[in-house]
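So the structure is just underneath, and the comments pick up after that.
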Amino acid sequence: MILLVTKIKQIPFYLICNKTLITMATPSTMELKLQEWESGLFGCFSDCSSCCLGFWCPCILFGQNYEKLGSGSSCGGCCMYFITQLFFLQCIMGTAQRQKIHKDYNREGSCSGACCTYFWCPACANCQNAREIKSAQKEAQFATSTGTVFAAPVEQQMAPAVVAAPAP
């Protein structure tokens, strides 16, 4: 008896999250679990420089976050936040920034939650964004400095093989 094994495509990839290799999966079976924020909304004392800047100069901190997220220049983000703040509409810009953090860093949260957070406590939300971005940048630096970043391998294919069954 002769069996014919056909081509098998495997596309594994590796995920690095919180400095640890999480899984090896194929795209069809991979599920990402949303992570909690690194610090709480009122965790300002874990990063006093961001806290002070967010309380006394929120436009500058927002602009810095804006630039670090790749949304544009720091000055542009600062000016847009300042203008929306004049009309008490900073929750619009803040919601957009938090949504980008949710998406880019795989964090829990919803659009309505982000809007409410920026509406009721914009300084705390702005500081939390800054802490989250700093934390993500530190993780990325750690991963690259220790060599734990894994690139997805090239698509692998197995050539057809002939397998002979043992004679009875």
Side-chain angles (χ1 to χ4, degrees), residues 11 13-23 25 27-28 30-154:
I11 311 171
F13 46 104
Y14 304 86
L15 299 175
I16 298 294
C17 208
N18 290 335
K19 304 177 191 116
T20 316
L21 177 64
I22 289 188
T23 187
S28 61
M30 186 179 73
E31 292 181 25
L32 292 176
K33 182 180 177 191
L34 295 177
Q35 299 175 0
E36 292 182 16
W37 289 70
E38 292 289 325
S39 65
L41 185 61
F42 303 110
C44 288
F45 295 109
S46 64
D47 183 7
C48 290
S49 63
S50 293
C51 180
C52 291
L53 191 60
F55 185 73
W56 284 294
C57 305
C59 299
I60 293 173
L61 183 60
F62 184 88
Q64 289 175 351
N65 294 343
Y66 191 76
E67 184 174 13
K68 288 176 185 174
L69 287 170
S71 300
S73 72
S74 179
C75 184
C78 180
C79 291
M80 286 191 294
Y81 190 78
F82 178 75
I83 291 168
T84 57
Q85 199 174 22
L86 290 175
F87 301 103
F88 299 102
L89 298 173
Q90 69 269 20
C91 60
I92 295 170
M93 292 295 297
T95 299
Q97 190 172 82
R98 283 181 82 84
Q99 287 299 103
K100 184 149 176 65
I101 291 172
H102 293 164
K103 181 182 154 213
D104 291 355
Y105 302 132
N106 196 35
R107 297 295 184 244
E108 291 179 339
S110 65
C111 186
S112 59
C115 186
C116 287
T117 302
Y118 254 95
F119 182 79
W120 294 110
C121 196
C124 294
N126 207 6
C127 293
Q128 185 184 30
N129 289 354
R131 289 190 307 273
E132 196 66 31
I133 293 166
K134 280 183 184 178
S135 173
Q137 287 177 341
K138 284 181 184 176
E139 283 183 13
Q141 286 175 345
F142 173 80
T144 55
S145 68
T146 59
T148 55
V149 174
F150 297 99
V154 181

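If you're wondering where the values come from, they're calculated on a predicted model, not measured in any experiment.
For F45, the side chain to side chain contact (heavy atoms under 4.5 Å, CB included) partners two or more places apart in sequence, or in a different chain, are C48. Annotation: salt bridge (Lys or Arg N to Asp or Glu O under 4.0 Å) contacts of E132 (sequence neighbours excluded): R107. Residues satisfying the side-chain hydrogen bond (donor to acceptor under 3.5 Å, both in side chains) criterion with Q137, sequence neighbours excluded, are absent altogether.
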Indicate every side-chain donor-acceptor pair of residues 82-95 with a distance under 3.5 Å to a residue at least two apart or in another chain.
{"unit_1": "T84", "atom_1": "OG1", "unit_2": "M80", "atom_2": "O", "d": "3.2"}
{"unit_1": "T84", "atom_1": "OG1", "unit_2": "Y81", "atom_2": "O", "d": "2.9"}
{"unit_1": "T95", "atom_1": "OG1", "unit_2": "C91", "atom_2": "O", "d": "2.5"}
{"unit_1": "T95", "atom_1": "OG1", "unit_2": "C115", "atom_2": "N", "d": "3.4"}

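Between the side chain of Q128 and the backbone N or O of G43, no donor-acceptor pair lies under 3.5 Å. Although no hydrogens or angles enter the test, the distance criterion places a donor-acceptor pair under 3.5 Å between the side chain of T117 and the main chain of G113.
Separation of atoms CD1 (I60) and CG (L53) is listed at 6.0 Å; rounding is to 0.5 Å. Taken from CD1 in I133 to CD1 in I101, the straight-line distance is 4.0 Å, to the nearest 0.5 Å. Summarising the geometry, atom SG belonging to C127 is positioned 13.0 Å from atom CZ belonging to F62; distances are rounded to the nearest 0.5 Å.
A side-chain hydrogen bond (donor to acceptor under 3.5 Å, both in side chains) check over residues 61-70, counting only residues at least two apart or in different chains, returns the pairs N65-N126. For residues 40-56, the pairs satisfying side-chain hydrogen bond (donor to acceptor under 3.5 Å, both in side chains) are D47-S49, D47-S50, D47-K134, S50-K134, with sequence neighbours left out. Sorted by first then second residue, the ring-ring contact (aromatic ring centres under 6.0 Å, His included) pairs that include residues 103-138, not counting sequence neighbours, number zero. Identified under the salt bridge (Lys or Arg N to Asp or Glu O under 4.0 Å) test for residues 93-103, with sequence neighbours left out: K100-D104.
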Item checked: Evaluation steps, side-chain contact (heavy atoms from CB on, under 4.5 Å), between C121 and F42 -> CA-CA 10 Å; C121 196; F42 303 110; 4.2 Å; yes

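Smallest separation of non-hydrogen atoms from A114 and Q99: CB-OE1, 4.1 Å.
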